[in-house]
Amino acid sequence: MDENFRDAIGTIDSEGKRAWVFPKKPSGRYYNYRKYVSYALLLFLFTAPFIKLNGHQFLLFNILERRFVIFGFPFWPQDFHLFVISMIAGVIFVALFTVAFGRIFCGWMCPQTIFMEMVFRRIEYWIDGDRGAQMRLAKAPWNGNKIRKRALKWALFFIISFVIANVFLAYLIGSDRLLRYIIDGPLQHVSTMIPLLIFTGIFYFVFAWFREQVCIIACPYGRLQGVLLDNKSIVVAYDHKRGEGEKGRKKFRKNEDRTTLGHGDCIDCFQCVHVCPTGIDIRNGTQLECVNCTACIDECDTIMEKIEKPKGLIRYASEDNITAKSKFKFTARMKGYTVVLLILTGIFVGMLFLRNELEANILRLPGQLYERKADNIISNVYTYKLVNKTSKRIDAISFKLLSHDGTITMVSQKNFEIKGEALAEGTLFIEIPQTALSGDKNSLKIGVFSKDVLLETTAAQFLAPRSYN
């Protein structure tokens, strides 16, 4: 087999120039399923920032202010360990899914594929026509018809890119703030409008020009295929045993006995190539560019139906299934990934339920030593920081020593409150009789109460004079 195709990507010609891909408009059973999945995911993507759960935005990733809300649960910088565990679990899940089913995520759930194939290309088919019409239009001179079609298409692409940028902005700064900015007008928020236009330009560049090269060149997930896939992975595959036969492919001729002649079922019609959104020939085997979109499966099934041959020449299958007819097995590698994933998920869920609604930190004021007061009382000054992780107000907050006999005195106020998703900071003094202390360094246990209900406990170091016995 000629392996030269593996020396270059499908979107670059022999001279190193961009080979523009004009895929045929797909149709068929899998394409219809993909449309249902894609439109459901698009609906979720566009509505999730505007859905409120327990007073929180359903999904929020405010990196600048370090505020995150996932499925209605707020996360703060103090919960970074939970974020790390969830990301590691996500990577393991992707690895497990890829080992078992290949790059199916790219073809069915990836936002890049969904927007490209189900939004922008469908607009292109509507304006420019199918594959042949698009190729003719690309070669045509810049006359009135071409200018009109290009202007309409590019204008729609820009508008959709602007809408996508606004939705992503809602994920970053919050939908309430975004709606307020829209009502106020762009001139009132120029510092936000400029990045918004920059991201609009990036989305427009990706979907109008860079397109499938994101999956081929930019996306790191595509590079993982070579590491994670094996002969047991289920991928979009061409059945070369059936398609090639003993003497290879042959053009279709009516009433010809191809089996007797030794030819396979592939009639070399190139329809699987023409419909591919990344411009590859699936008959060459698993390739970096393949995103498992199933367009070639639908197109090949249509051709097989027309020539009265069994469907499934291109199908979801593993290499072992094609060569040895072996069924899918849950391999040792998949079991290992599953065990690690279950352990990480269990740790994450456990830590999530054990997470307190109030985060408390009490630290000694830097550079300050202890102070000796009357009646042999030792005093230390501290700063406190309380984070309310809920959307509810916490009233009548007070501090009490749990480990020693002593008093806590607030500098500014007593029994204060913290609003939902708010931070409270201040200064306090802790005074303890020297007789209740052991040595010059003591570990204190302090309770944070709300109306005599213990919300959180925290520890702090207490300095005292060194005792000489």
Side-chain angles (χ1 to χ4, degrees), residues 52-58 60 62 65-83 174 176-177 349-366 368 370-371 373-375 377-437 441-464:
K52 296 295 181 65
L53 187 63
N54 298 325
H56 297 102
Q57 187 169 308
F58 191 67
L60 175 68
N62 193 333
E65 297 178 4
R66 297 182 297 174
R67 292 179 60 240
F68 303 90
V69 180
I70 301 176
F71 304 135
F73 291 96
F75 291 88
W76 294 76
Q78 293 83 356
D79 300 317
F80 186 72
H81 58 286
L82 293 174
F83 180 77
D176 293 339
R177 188 184 299 182
V349 172
M351 295 180 73
L352 189 63
F353 279 101
L354 292 174
R355 187 184 70 147
N356 292 326
E357 295 182 347
L358 184 72
E359 182 82 19
N361 285 291
I362 299 178
L363 301 173
R364 289 187 65 258
L365 194 63
Q368 295 291 323
Y370 61 86
E371 180 183 356
K373 293 190 174 182
D375 299 327
I377 299 295
I378 307 301
S379 175
N380 281 209
V381 60
Y382 296 82
T383 60
Y384 66 85
K385 181 182 292 186
L386 303 179
V387 179
N388 183 1
K389 298 178 180 179
T390 70
S391 59
K392 301 176 182 178
R393 185 181 63 187
I394 301 178
D395 297 319
I397 295 177
S398 60
F399 299 93
K400 294 180 182 179
L401 275 174
L402 303 179
S403 58
H404 294 72
D405 291 330
T407 61
I408 298 179
T409 305
M410 306 290 296
V411 172
S412 57
Q413 56 183 342
K414 298 180 180 180
N415 298 328
F416 59 97
E417 65 178 32
I418 308 178
K419 296 180 179 179
E421 299 184 52
L423 172 70
E425 297 178 288
T427 307
L428 56 84
F429 288 94
I430 298 179
E431 298 177 347
I432 302 175
Q434 187 172 1
T435 55
L437 300 171
K441 292 183 180 180
N442 298 264
S443 180
L444 305 182
K445 186 178 180 181
I446 305 169
V448 183
F449 291 80
S450 173
K451 299 178 181 178
D452 296 326
V453 176
L454 180 63
L455 300 179
E456 173 68 306
T457 59
T458 186
Q461 291 295 318
F462 189 89
L463 295 185

Validation row, ring centre F71 to ring centre F58 under 6.0 Å: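 Ring centroids of F71 and F58 are less than 6.0 Å from each other.
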
Pair F83 + F73: ring centers closer than 6.0 Å: no

[X] side, atom [atom1]; [Y] side, atom [atom2] - distance, nearest 0.5 Å:
X	Y	atom1	atom2	value
L402	I446	CG	CD1	8.5 Å
H404	S443	NE2	OG	8.0 Å
T457	I362	OG1	CD1	10.0 Å
M351	H81	CE	NE2	3.5 Å
D79	I70	CG	CD1	10.0 Å

Cation-aromatic face contact K400/F449, 6.0 Å, 45 degrees: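 Yes, cation above the ring, under 6.0 Å and within 45°.
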
Expected output: side-chain N380 to main-chain L463 donor-acceptor under 3.5 Å: yes

Y384 side-chain N/O to F399 backbone N/O, donor-acceptor pair under 3.5 Å: no

What are the two closest non-hydrogen atoms of [X] and [Y], and how far apart are they?
X	Y	answer
K392	N388	O-ND2, 2.7 Å
G174	L60	N-CD1, 3.6 Å
I378	F462	O-CZ, 3.3 Å
E359	E456	CA-OE2, 4.5 Å
I432	A436	CG2-CB, 4.0 Å

Electrostatic pair D395-K419, nearest N-O below 4.0 angstrom: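 No, D395 and K419 are not salt-bridged.
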
Electrostatic pair D375:K373 at N-O distance under 4.0 angstrom: no

